[in-house]
Amino acid sequence: MTDWSQLHHAYGTAEDIPGLLDAVGPDPRDPRWDALASRLYHQGGVYSASYAALPKLAEKARQWSLTERRMPLYLASQIVASRDIRDEVVDPFVIHPAVIAELLVLTEQALGDPALGDDSLNYVQLLSTLLSFEGVEGWGEHLDQVNGEEYEVPCPACFSENFIVFGEGGHYSTADEMYFKRTPVHTIPLQPQDMATAEGLLPRLHARALSDGHPEVAAKLPYVFGHAHCVHCGDLFSVPEAILARW
């Protein structure tokens with residue numbers, strides 16, 4: 001039995017967590033999800049109670065349908081992926097290996113949900129969730145920004161901010177934070193990775209998105225894993241390295 005009185009979350013001791021976990025339903029609008037997230041994943045930080053909640057989140061996901069299980073999977077993946085540990089330093093893959101292995105299987109199943117066919121937002125979120133449970137550093141937390149078609153990163157050479165934009169409006173770097181409302185004055189085209197020679201995580205994610213029926217997601221990935229010129233100093237830098245360096 002878990003002694004929740006000996007565990008902590010963002011607001012103190014964790015006696016309230018079992019009640020919230022028991023009562024929360026699959027509806028993303030259930031306010032208890034916000035209550036759990038604010039306690040267990042507060043501003044990206046995790047606590048002893050966060051890790052203790054993982055078995056119950058897995059149980060919820062196991063009991064619910066492919067569509068309904070998304071909320072417990074999302075919260076569990078945020079907890080697992082976080083490196084902002086507010087209590088004693090622990091590794092969730094060491095203390096809960098079986099639970100995380102089950103969460104990985106449950107996420108893989110959820111990615112097969114036919115309801116995702118016209119829902120690229122949740123598809124990308126589940127894909128990033130899968131990476132979290134696989135222990136892929138960084139991308140479990142940040143792949144979901146593919147949905148926003150933008151990453152804001154500092155140039156490694158001059159440290160100036162660049163918006164890396166990839167979407168219907170074009171594929172470029174710019175310093176204009178209002179680029180989505182007006183045509184930016186200064187842009188430099190992005191250099192996507194060549195899929196014929198791509199290595200690392202990109203080929204796998206690209207092939208998966210295509211096979212899962214999300215070509216629009218696949219089309220964005222070579223730019224996310226490509227190169228960009230800094231609009232301030234002109235330096236050419238790796239976009240994925242800049243993304244991971246920021247966080």
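Hydrogens, waters and symmetry mates play no part in the numbers below; they use all other heavy atoms, side chains included.
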- From Tyr47 OH over to Ser82 OG, what is the distance, rounded to the nearest 0.5 angstrom? 9.0 Å
- Query: Pick from Asp113, Asp119, Leu73: which one makes a side-chain contact (heavy atoms from CB on, under 4.5 Å) with Leu126?
  - Reply: Leu73
- Note on the structure: d(His229 NE2, Ile164 CD1) to nearest 0.5 Å is 11.0 Å
- Rounded distance [0.5 Å steps], NZ in Lys56 versus CG in Leu36: 11.5 Å
- Task: Please check if atom CD in Glu241 has more than 12 non-hydrogen atoms from other residues, nucleotides or ligands closer than 6.0 Å.
- Result: no
- Indicate if Val165 and Val239 have the same hydrophobic cluster label, given that clusters are the connected sets of ILVMFWY residues with side-chain heavy-atom separations under 4.5 angstrom. no
- Message: Run Glu59 and Arg62 through salt bridge (Lys or Arg N to Asp or Glu O under 4.0 Å) and show every step you take.
- Response: CA-CA 5 Å; Glu59 178 185 325; Arg62 185 190 324 121; 5.2 Å; no
- What residues, two or more places apart in sequence or in another chain, satisfy side chain to side chain donor-acceptor pair (under 3.5 Å) together with Ser5? Asp3
- Message: Is it true that, when you exclude Glu177 itself, more than 12 heavy atoms of the residues, nucleotides or ligands shown sit nearer than 6.0 Å to its CD?
- Response: no
- Message: Once rounded to the nearest 0.5 Å, what's the spacing between atom CG of Leu40 and atom CG of Leu21?
- Response: 7.0 Å
- Task: Mind running salt bridge (Lys or Arg N to Asp or Glu O under 4.0 Å) on Glu102 and Arg69 for me, showing each step along the way?
- Result: CA-CA 13 Å; Glu102 181 182 16; Arg69 70 177 56 167; over 6 Å; no
- Quick check: does any side chain N or O of Gln193 sit under 3.5 Å from a backbone N or O of Phe225, one acting as donor and the other as acceptor? yes
- Task: Verify the distance criterion only: is there a donor paired with an acceptor across the side chains of Asp144 and Ser128 at less than 3.5 Å?
- Result: no
- Should Leu103 and Val90 be regarded as members of a common hydrophobic cluster, given that ILVMFWY residues are connected when their side-chain heavy atoms come within less than 4.5 Å of each other, either directly or indirectly? yes
- Message: Distance check, rounded to the nearest 0.5 Å: Leu57 atom CG versus Ser77 atom OG?
- Response: 10.0 Å
- Nearest heavy-atom pair of Ile188 and Cys230: which atoms, and what distance? CD1-O, 3.8 Å
- Query: NE2 of His142 to CD of Glu137: how many Å apart, nearest 0.5 Å?
  - Reply: 9.0 Å
- Item | Validation row, ring centre Tyr11 to ring centre His42 under 6.0 Å | yes
- Task: Kindly write out the residues that satisfy ring-ring contact (aromatic ring centres under 6.0 Å, His included) with Phe180, not counting sequence neighbours, or none if the list is empty.
- Result: none
